[in-house]
Amino acid sequence: MKSTRKLHPIARLNLIPRIIACTFYVIIIGSISLDSLLSLPFISIAILGASWPHVALFLASQKVDSKRQEEINMHLDAVFCGLLVIAYPSFEYASTVGILLVSNGLFIGSFRLLATTLAAFLLAAAATYLVLRPDYLIPASIATDVIIFLFFCSYFGCFAFLGNNLTRQLIKLNKEVKYLSMKDPLTQCYNRLYLDKKLIEEIQRCYRVGYPISIIFADIDHFKKINDDYGHNVGDAVLQQFVAISQECIREDSDWLARFGGEEFLIILSYADNKVAKMVAERIRVAISEHVFVAEEKTMNITCSFGVASIDPIAEHEDKDKVDANGLITLADQRLYRAKELGRDRVQSA
């Protein structure tokens, strides 16, 4: 049998419920014919019930379009249900089987599949009734009713478990997607998309509540030379170590760091005025310059330049216009450019 890893998820999902259904199918027939368990008809039914789930999985694994094959298998499930409903005439049983087929179709999520499986079920039931006639119907019994009750409890319990498991997986995947949408895949700090959205919110809050906010525009000096001399893998390692060192120098609960692009990063400091931001930038600058960067058995020392810009809604300003996110980044970028003009490896502030 081919590996089920390549199967459509529907084929994998239906395996365990189908095993439960076929097992109880054999038990129901066995409970009705206790005196003929070794008869050829019962042995044939037992073989069919035990093998059908695995045969269905095998058929799906052999097809390029395993989803289409599994839909055919579900139609055969409906035919088997139609046969048994007529063989065991009980309104409660027949109606519950109908509900089972409806819920199964809706669980898979295809109204077309729901309609065609119900049609297969009804056609099989009608054909069975015309062939068997009332003389061959299986008489109802308490034992059989109990077994059928246990079957439905097990079957729907299985689907409830699968639904719960799928819901948990969906929640987990949504969290991972949300995380990936915010994070830079290389350095694991926040990315530009998150920066553009979050900084606007931070500035709006700073004006609304009345607390200062500062940003530090950081740029690794001569980073292109690192890539040219040692290769991009070493350059990537330098970026990762730069982020790790910078995050150790800021507050974990309120400050955050985002990759602006290439070797440029923005560090956002909430509740920090220009004086505090300059101190933090200087702390990072010293930590970077004293750190020995190691990558692929190569060691090096690097330096960084920093531009600091701040908003303090409470302080007196000649210009009363509010500074937006782009304006604040532009101010920090201008001061970063000035730091590079003055010789790099320095912090430039207002």
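Since the structure is predicted, the reported quantities are computational estimates derived from the model, not experimental observations.
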Worksheet item: Do Gln241 side-chain atoms and Val294 backbone N/O form a donor-acceptor pair below 3.5 Å?
Response: yes

Worksheet entry | Verify same cluster id: Phe223, Phe260 (apolar side-chain graph, 4.5 Å) | no

Worksheet item: Is the count of non-hydrogen atoms from other residues, nucleotides or ligands lying under 6.0 Å from Glu252 atom CD greater than 12?
Response: no

Worksheet item: Hey, quick one: are Val243 and Trp256 part of the same hydrophobic cluster, counting side-chain heavy atoms closer than 4.5 Å, chains of contacts allowed?
Response: no

Worksheet item: If you measure from CD on Glu264 to CZ on Arg259, what distance do you get to the nearest 0.5 Å?
Response: 10.5 Å

Discussion item. Can you confirm whether Phe217 sits close enough to Leu331 that some side-chain heavy atom of one is under 4.5 Å from a side-chain heavy atom of the other?
Written reply: no

Worksheet item: For Ala56, does its backbone N or O pair with a side-chain atom of Asn73 as donor and acceptor, under 3.5 Å?
Response: yes

Worksheet item: Are any non-hydrogen side-chain atoms of Ile19 and His54 less than 4.5 angstrom apart?
Response: yes

Discussion item. For a 4.5 angstrom cut-off between non-hydrogen side-chain atoms, does Ser310 reach Val308?
Written reply: yes

Item to complete: Determine whether Leu195 and Tyr190 make a side-chain contact, defined as any pair of heavy atoms from C-beta on separated by less than 4.5 Å.
Response: no

Discussion item. Let me confirm one number: the CD1-OG distance from Ile288 to Ser305, rounded to the nearest 0.5 Å.
Written reply: 12.0 Å

Worksheet item: Ignoring hydrogens and geometry, is there a side-chain-to-backbone donor-acceptor pair from Thr117 to Ala78 under 3.5 Å?
Response: no

Item to complete: Taking the six-membered ring for Trp and the single ring otherwise, decide whether the centroids of Phe265 and Phe242 are under 6.0 Å apart.
Response: yes

Worksheet item: Where is the tightest heavy-atom contact between Arg251 and Ala272, given as atom of each residue plus distance?
Response: NH2-CB, 4.1 Å

Practice prompt. Answer yes or no: is there a side-chain heavy-atom contact under 4.5 Å between Tyr207 and Ile311?
Written response: yes

Worksheet entry | Distance-minimising heavy-atom pair for Asn227 and Gly235 | OD1-CA, 3.4 Å

Item to complete: Would you kindly confirm whether Ile213 and Val276 end up in one hydrophobic cluster when ILVMFWY residues are joined by side chain heavy atoms under 4.5 Å apart?
Response: no

Worksheet item: Are Phe293 and Leu239 grouped together when hydrophobic residues (ILVMFWY) are joined by side-chain heavy atoms under 4.5 angstrom apart?
Response: yes

Fill in: Salt bridge Asp221-Lys340, side-chain N to carboxylate O under 4.0 Å
yes

Discussion item. Between Arg18 and Glu70, does any side-chain N to carboxylate O distance fall below 4.0 Å?
Written reply: yes

Worksheet item: Where do Met182 and Leu193 land on the side chain to side chain contact (heavy atoms under 4.5 Å, CB included) test, with the steps shown first?
Response: CA-CA 7 Å; Met182 297 188 304; Leu193 183 65; over 6 Å; no

Worksheet item: So how far is it from Ile200 CD1 to Lys198 NZ, rounded to the nearest 0.5 Å?
Response: 12.0 Å

Worksheet item: Can you tell if the side chain of Asp77 reaches within under 4.5 Å of the side chain of Trp52, non-hydrogen atoms only?
Response: yes

Worksheet item: If every non-hydrogen atom of Asp345 is compared with every non-hydrogen atom of Ser289, which pair is closest and at what distance?
Response: OD1-CB, 4.5 Å

Response to the item:
Heavy-atom nearest pair, Ile215 first then Leu328, reads CD1-O, 3.5 Å

Worksheet item: Would you say Ile220 and Met300 are hydrophobically clustered, going by side-chain heavy atoms of ILVMFWY under 4.5 Å?
Response: yes

Discussion item. What's the separation between atom OG in Ser270 and atom CG in Asp255, rounded to the nearest 0.5 Å?
Written reply: 6.5 Å

Discussion item. With side chain to side chain contact (heavy atoms under 4.5 Å, CB included) as the criterion, how do Arg192 and Asp196 come out once you've worked through the C-alpha distance, each side chain's angles and the decisive distance to 0.1 Å?
Written reply: CA-CA 6 Å; Arg192 180 70 180 273; Asp196 291 341; 3.3 Å; yes

Item to complete: Decide side chain to side chain donor-acceptor pair (under 3.5 Å) for Thr167 and Asn164; before the verdict, give the C-alpha distance in whole Å, the side-chain angles of both, and the deciding distance to 0.1 Å.
Response: CA-CA 5 Å; Thr167 301; Asn164 178 266; over 6 Å; no

Worksheet item: Is the side chain of Asn274 donor-acceptor paired with the backbone N or O of Ala309 at a distance under 3.5 Å, no angle test?
Response: no

Practice prompt. Taking the six-membered ring of Phe306 (Phe, Tyr or Trp), confirm whether the NZ or CZ of Arg346 is under 6.0 Å from its centre and within 45° of its axis.
Written response: no

Discussion item. Looking at every heavy atom in both Gln240 and Leu186, which two are closest together, and how far apart are they?
Written reply: NE2-O, 3.1 Å

Item to complete: Could you tell me whether Glu341 and Arg335 make a salt bridge, using a distance below 4.0 angstrom between a side-chain N and a carboxylate O?
Response: no

Fill in: Smallest separation among heavy atoms of Cys189 and Gln247, with atom names
CB-NE2, 4.1 Å

Practice prompt. State whether the side chain of Tyr211 and the backbone N or O of Arg205 hold a donor-acceptor pair below 3.5 Å, judged by distance alone.
Written response: no

Fill in: Steps toward side chain to side chain contact (heavy atoms under 4.5 Å, CB included) verdict (Ile171, Asn174)
CA-CA 5 Å; Ile171 293 173; Asn174 283 337; 5.6 Å; no

Discussion item. Please determine whether side chain to side chain contact (heavy atoms under 4.5 Å, CB included) holds for the pair Val280 and Leu269, giving the CA-CA distance in whole Å, both sets of side-chain angles, and the decisive distance to 0.1 Å.
Written reply: CA-CA 9 Å; Val280 173; Leu269 309 175; 4.0 Å; yes

Worksheet item: Should the heavy atoms of other residues, nucleotides or ligands under 6.0 Å from NZ of Lys197 be counted, would the total exceed 12?
Response: no

Discussion item. Does any part of the side chain of Ile302, heavy atoms only, come nearer than 4.5 Å to the side chain of Val238, both counted from C-beta?
Written reply: yes

Practice prompt. Answer yes if the side chains of Thr330 and Asp333 hold a donor-acceptor pair under 3.5 Å, and no otherwise.
Written response: no

Discussion item. With heavy-atom distances below 4.5 Å as the criterion, would you say the side chains of Arg285 and Glu282 are in contact?
Written reply: yes

Fill in: Euclidean distance, Ile284 CD1 relative to Ile216 CD1, rounded to 0.5 Å
5.0 Å

Fill in: Rounded distance (nearest 0.5 Å) linking atom CG of Asp312 with atom OG of Ser214
8.0 Å

